[in-house]
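Worksheet for the structure shown next.
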Amino acid sequence: MTATLLNGNETRNALFEDLKARVAALPVPVGLATVLVGDDPGSHSYVKGKHRACEKVGIKSIRRDLPEATTQEELEAVIDELNANPEVTAYIVQLPLPKHLDAGPILERIDPAKDGDGLHPVNLGKLVLGIEAPLPATPRGIVELLRRYDVPLAGANVTVVGRGVTVGRPIGLLLTRRSENATVTLCHTGTKDLAAEVRRADIVIAGAGSAGLITKDMVKPGAAVIDVGITRTEAGLVGDVAPDVREVAGWLAPIPGGAGPMTVAMLLTNTVEAAERAHAAV
Ligand SMILES: Nc1nc2c(c(=O)[nH]1)N[C@@H](CN(C=O)c1ccc(C(=O)N[C@@H](CCC(=O)O)C(=O)O)cc1)CN2
């Protein structure tokens with residue numbers, strides 16, 4: 001068996017076409033801002049990708065690039081400026097922040113109505129309560145990808161590996177909504193038997209950031225496997241999922257070309273929805 005590839009690049013491009021039409025139909029300009037602190041090459045590359053995507057869809061993009069030595073107070077001042085800036089429909093703070101900065105109070109300071117990433121505590125709370133709000137971009141992208149490829153979700157056993165705030169923690173909240181109806185197990189470094197948890201899953205979502213962690217022998221034949229654990233090596237990008245998993249999986253969202261491009265598509269979707277909501281409110 002060779003897995004069907006869940007093609008995030010193709011799906012993102014289709015979503016961009018839809019977003020382009022929605023942006024053109026809005027009588028108000030749409031603006032997405034990014035805040036990037038420091039010199040991490042990966043973060044620089046993701047932010048660049050977000051601005052390139054804005055250009056494709058017709059969204060004005062605004063950059064706030066700050067030096068590594070930026071203080072918590074200086075970063076808070078940038079957040080306050082973006083909250084007040086009428087050109088900014090939504091924005092994100094690129095994660096991870098340098099170690100001397102505390103991401104929690106920064107994310108909390110973002111105006112929840114301008115939260116492009118859906119990571120503000122109020123918006124995560126709304127997700128728990130089933131109230132409409134911006135959704136975390138990567139989890140939303142994963143659900144969209146699974147849906148577009150007709151991967152059965154209702155009643156599926158999903159094993160998530162990794163408890164990070166951008167993927168592992170929120171993905172269970174999306175997949176256990178009534179509309180998805182999956183059963184989710186969240187695994188982490190304290191999990192006693194990771195192989196057993198992965199082996200019984202119909203869907204595996206690997207976001208631990210540990211290269212090659214999920215091996216062929218751990219995957220149930222025919223399962224859907226979503227790789228979101230990027231490690232940068234000299235040889236290039238390596239995912240959490242070993243390459244030969246595609247020989248047993250039914251579906252595979254690989255790195256690169258799977259869930260990653262969907263993250264950007266969903267960030268732009270959150271931004272357009274914020275503009276539509278703001279316009280409907282006037
Ligand atoms: N504020 C946020 N920070 C981070 C997020 C996030 O959603 N919000 N997620 C990741 C990084 N990320 C977006 O910011 C991201 C990761 C991967 C991709 C992507 O398209 N990956 C490509 C490969 C790209 C490459 O060559 O480097 C792929 O998988 O095909 C886009 C965005 C952490 N931080």
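Note that ligands are numbered from 1 as they come in the structure, with each ligand's atoms numbered from 1 the same way.
- Contacts of Lys216 classified as salt bridge (Lys or Arg N to Asp or Glu O under 4.0 Å), with partners at least two apart in sequence or in another chain: Glu247.
- Checked options Asn83, Thr34, Thr271; the residue passing with Tyr91 is Asn83 (criterion: side-chain hydrogen bond (donor to acceptor under 3.5 Å, both in side chains)).
- At a heavy-atom cutoff of 4.0 Å, ligand 1 is surrounded by Ser45, Tyr46, Lys50, Val93, Gln94, Leu95, Asp117, Thr138, Ile230, Arg232, Leu237, Pro256, Gly257, Gly260, Pro261, Thr263, Val264.
- Salt bridge absent: Glu81 and Arg109 never bring a charged side-chain N and a carboxylate O closer than 4.0 Å.
- A salt bridge is defined here as a Lys NZ or Arg NE, NH1 or NH2 lying under 4.0 Å from an Asp or Glu carboxylate O, and Lys126 with Glu132 fails to meet this definition.
- Although no hydrogens or angles enter the test, the distance criterion places no donor-acceptor pair under 3.5 Å between the side chain of Lys50 and the main chain of Val264.
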>> Quick one, Arg140 with Glu144, criterion salt bridge (charged side-chain N to carboxylate O under 4.0 Å, His left out). Give me CA distance, side-chain angles, the key distance, then yes/no.
In response: CA-CA 6 Å; Arg140 187 177 185 182; Glu144 183 69 24; 6.0 Å; no
